[in-house]
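Comments concern the structure below.
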Amino acid sequence: MDLSIIGSGYVGLVTGACFADVGHNVICVDNDPSKVESLQAGKVPIYEPGLEEVINRNVAAKRLRFTGSIKDGVDNSQVVFIAVPTPQAADGHVDLSFIEKVAREIAGVLSDYRVIVDKSTVPVKTGEKVAESIKRYNKHGAEFDVVSNPEFLREGCAVADLMKPDRIVIGAQSERAIDLMKKIYEPFMSPILVTDINSAELIKHAANSFLALKISYINAVSAICEASGADVEKVADGIGMDRRIGRNFLNAGIGYGGSCFPKDIAAFIKISEQLGVPFTLLKEVQRINASQKDRFLTAVRDALWVLREKKIAVWGLTFKPDTDDIRSSVAIDLVADMLKEGAHVTVYDPKGMEKAREVKEIAGATFAASALEAVEGAEALIVATEWSEFAAVDLETVKESMATPMVFDGRNLFDPQTMATLGFQYHSIGRHRVAPR
Ligand code: UDX
């Protein structure tokens with residue numbers, strides 16, 4: 001089928017590439033001329049495992065191309081996906097101005113029946129607004145249908161998530177649109193759930209909020225484990241073996257970050273308030289998430305007494321491993337907090353250094369060239385992101401390089417027993433402390 005995707009950001013680019021890979025002809029549209037130019041020159045602006053190969057393969061097969069023109073995209077496709085940013089405004093509500101602008105622009109060039117699909121994460125009832133807007137600016141009176149088709153991809157495994165999704169949600173009200181959408185997704189051979197538009201929109205916010213709730217739940221349990229001497233990983237295994245609960249997203253740590261969870265939870269709270277049914281449980285989810293970082297910093301302070309002038313190494317800056325994304329990263333917040341307290345912080349991340357150098361809150365940090373360089377002379381090491389590269393570092397060498405062998409593991413990457421045997425004073429999240437040998 002002939003498809004266009006408006007917005008070549010994370011979601012748009014991965015979606016476009018994967019649609020092309022299953023045989024559709026795809027036009028990716030973006031209003032940033034430099035982005036379009038670099039994509040046309042074969043440069044992929046984000047780091048996502050496997051994405052570059054998929055893009056190159058499909059550009060070479062002439063199934064994927066990039067343009068700056070919405071008219072080009074709309075004229076040459078049966079289905080037009082909107083995948084533009086929906087950022088968070090200062091008060092938590094979702095800024096829909098990019099969606100509104102694109103809806104108007106599509107309407108202005110619409111000359112024949114098209115399905116307009118919203119892929120961006122939007123508040124419930126946005127589809128109705130998009131339809132109203134297109135109707136208002138629809139110069140040629142062309143027929144159209146609006147569909148909601150939320151994405152559930154995770155950064156770091158976005159290509160795999162898109163090629164083999166758990167489910168495909170299609171929120172639509174016309175059989176014509178549903179048939180076209182099913183045809184697009186047929187090659188993915190995954191379960192399809194057809195709903196009304198409002199339900200599809202709500203599924204996205206409800207799913208992300210539930211996952212965040214799961215993380216905050218286990219993080220709250222981790223605090224109880226620390227206070228009682230239980231082990232959060234054993235507790236997570238034990239409750240996760242119940243198939244109704246499941247073990248995924250029960251990894252305790254310094255809290256969730258990223259471009260989705262913090263924004264989507266704030267948005268869902270706002271949406272529920274606007275609908276007159278405040279979802280106060282989610283405020284507690286936010287509170288627990290913030291307190292996890294604070295509890296961790298308190299443990300660092302307790303051990304080091306004062307942070308001023310202490311040399312602290314931080315491994316990991318991205319909000320999770322296998323991405324270069326540092327948006328709303330707890331690791332960055334930690335570094336900023338310690339710098340404010342006067343610590344000398346040296347940071348290292350396998351993929352996030354370039355973006356981190358642009359963050360003014362951590363401009364005072366030293367950027368090391370490797371994990372081992374970061375720990376040289378350090379009085380404490382903080383593991384803030386669980387990159388597998390860190391798990392593979394020789395810990396004997398780390399210990400020898402450090403001034404004092406103290407490790408604060410915010411992601412439970414290492415085994416407490418092993419760390420104690422190696423002679424580290426080791427603190428992790430919700431697990432037993434073993435005295436160093
Ligand atoms: C998330 C959703 O998983 C995805 O379905 C949606 O489309 C976009 O938002 P993403 O932001 O890429 O994806 O990251 P995810 O893997 O969900 O992790 C989010 C945050 O939660 C990370 O900071 C991660 O470290 C943290 N996390 C995750 C935990 O602290 N514990 C866990 O058990 C799982």
Side-chain angles (χ1 to χ4, degrees), residues 9-12 14-15 18 46-49 51 83 85-86 88 119-122 149-162 164-169 200-201 203-222 232-233 235-237 239-240 245-268 285-286 288-293 295-296 316-334 349 351-352 383-388 390 409-413 428-430:
Y10 218 99
V11 173
V14 179
T15 309
C18 292
I46 49 169
Y47 170 72
E48 184 62 41
L51 181 62
T86 50
Q88 186 179 339
K119 230 184 199 318
S120 306
T121 301
V122 293
N149 172 221
E151 56 75 24
F152 301 99
L153 53 86
R154 290 163 301 167
E155 293 186 17
C157 41
V159 172
D161 279 356
L162 224 138
K164 197 99 206 64
D166 284 353
R167 80 302 208 183
I168 291 148
V169 174
E201 290 169 338
I203 284 169
K204 177 61 197 271
H205 273 121
N208 270 0
S209 298
F210 190 80
L211 291 169
L213 175 117
K214 241 183 137 177
I215 298 168
S216 277
Y217 185 88
I218 201 66
N219 280 338
V221 171
S222 79
V232 74
E233 301 221 321
V235 176
D237 289 345
I239 58 178
I245 298 174
R247 180 63 174 81
N248 289 334
F249 277 73
L250 284 180
N251 294 321
I254 46 176
Y256 61 75
S259 66
C260 292
F261 283 180
K263 169 176 94 102
D264 290 352
I265 280 84
F268 206 26
V285 169
Q286 286 179 320
I288 294 168
N289 197 54
S291 75
Q292 226 28 33
K293 185 200 78 177
R295 279 190 335 104
F296 186 72
L317 294 170
T318 51
F319 81 99
K320 66 171 190 179
D322 298 320
T323 174
D324 64 350
D325 198 343
I326 52 158
R327 286 175 291 174
S328 298
S329 170
V330 186
I332 298 276
D333 292 346
L334 270 175
D349 187 279
K351 294 276 178 218
V383 181
T385 314
E386 68 277 35
W387 283 93
S388 51
F390 302 149
D409 184 351
R411 297 291 177 188
N412 290 353
L413 184 67
S428 58
I429 308 284

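Start at 1 and go down the list; that is how both ligands and their atoms are numbered. Computed from a predicted model, the values in this text were never measured in an experiment.
- Between Phe268 and His205, the two ring planes are parallel [angle under 30°; tilted spans 30° to 60°].
- Closest approach of Leu317 and Asp349 over heavy atoms only: N-OD2, 2.6 Å.
- Side-chain atoms of Ile265 and Asn289, non-hydrogen and from C-beta on, never get closer than 4.5 Å to each other.
- Every pair passing salt bridge (Lys or Arg N to Asp or Glu O under 4.0 Å) that includes a residue from residues 203-212 is listed here, sequence neighbours excluded: Glu151-Lys204.
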For this session: Applying side-chain contact (heavy atoms from CB on, under 4.5 Å), run through Arg247 and Asp237 and close with a yes or a no.
Result: CA-CA 6 Å; Arg247 180 63 174 81; Asp237 289 345; 2.7 Å; yes
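- Listed as neighbours of ligand 1 are Glu151, Phe152, Leu153, Arg154, Glu155, Lys204, Asn208, Ile215, Phe249, Leu250, Asn251, Tyr256, Gly257, Cys260, Phe261, Phe319, Lys320, Arg411, each bearing a heavy atom under 4.0 Å from the ligand.
- With Ser216 contributing its side chain and Val285 its backbone, the two residues share a donor-acceptor pair below 3.5 Å.
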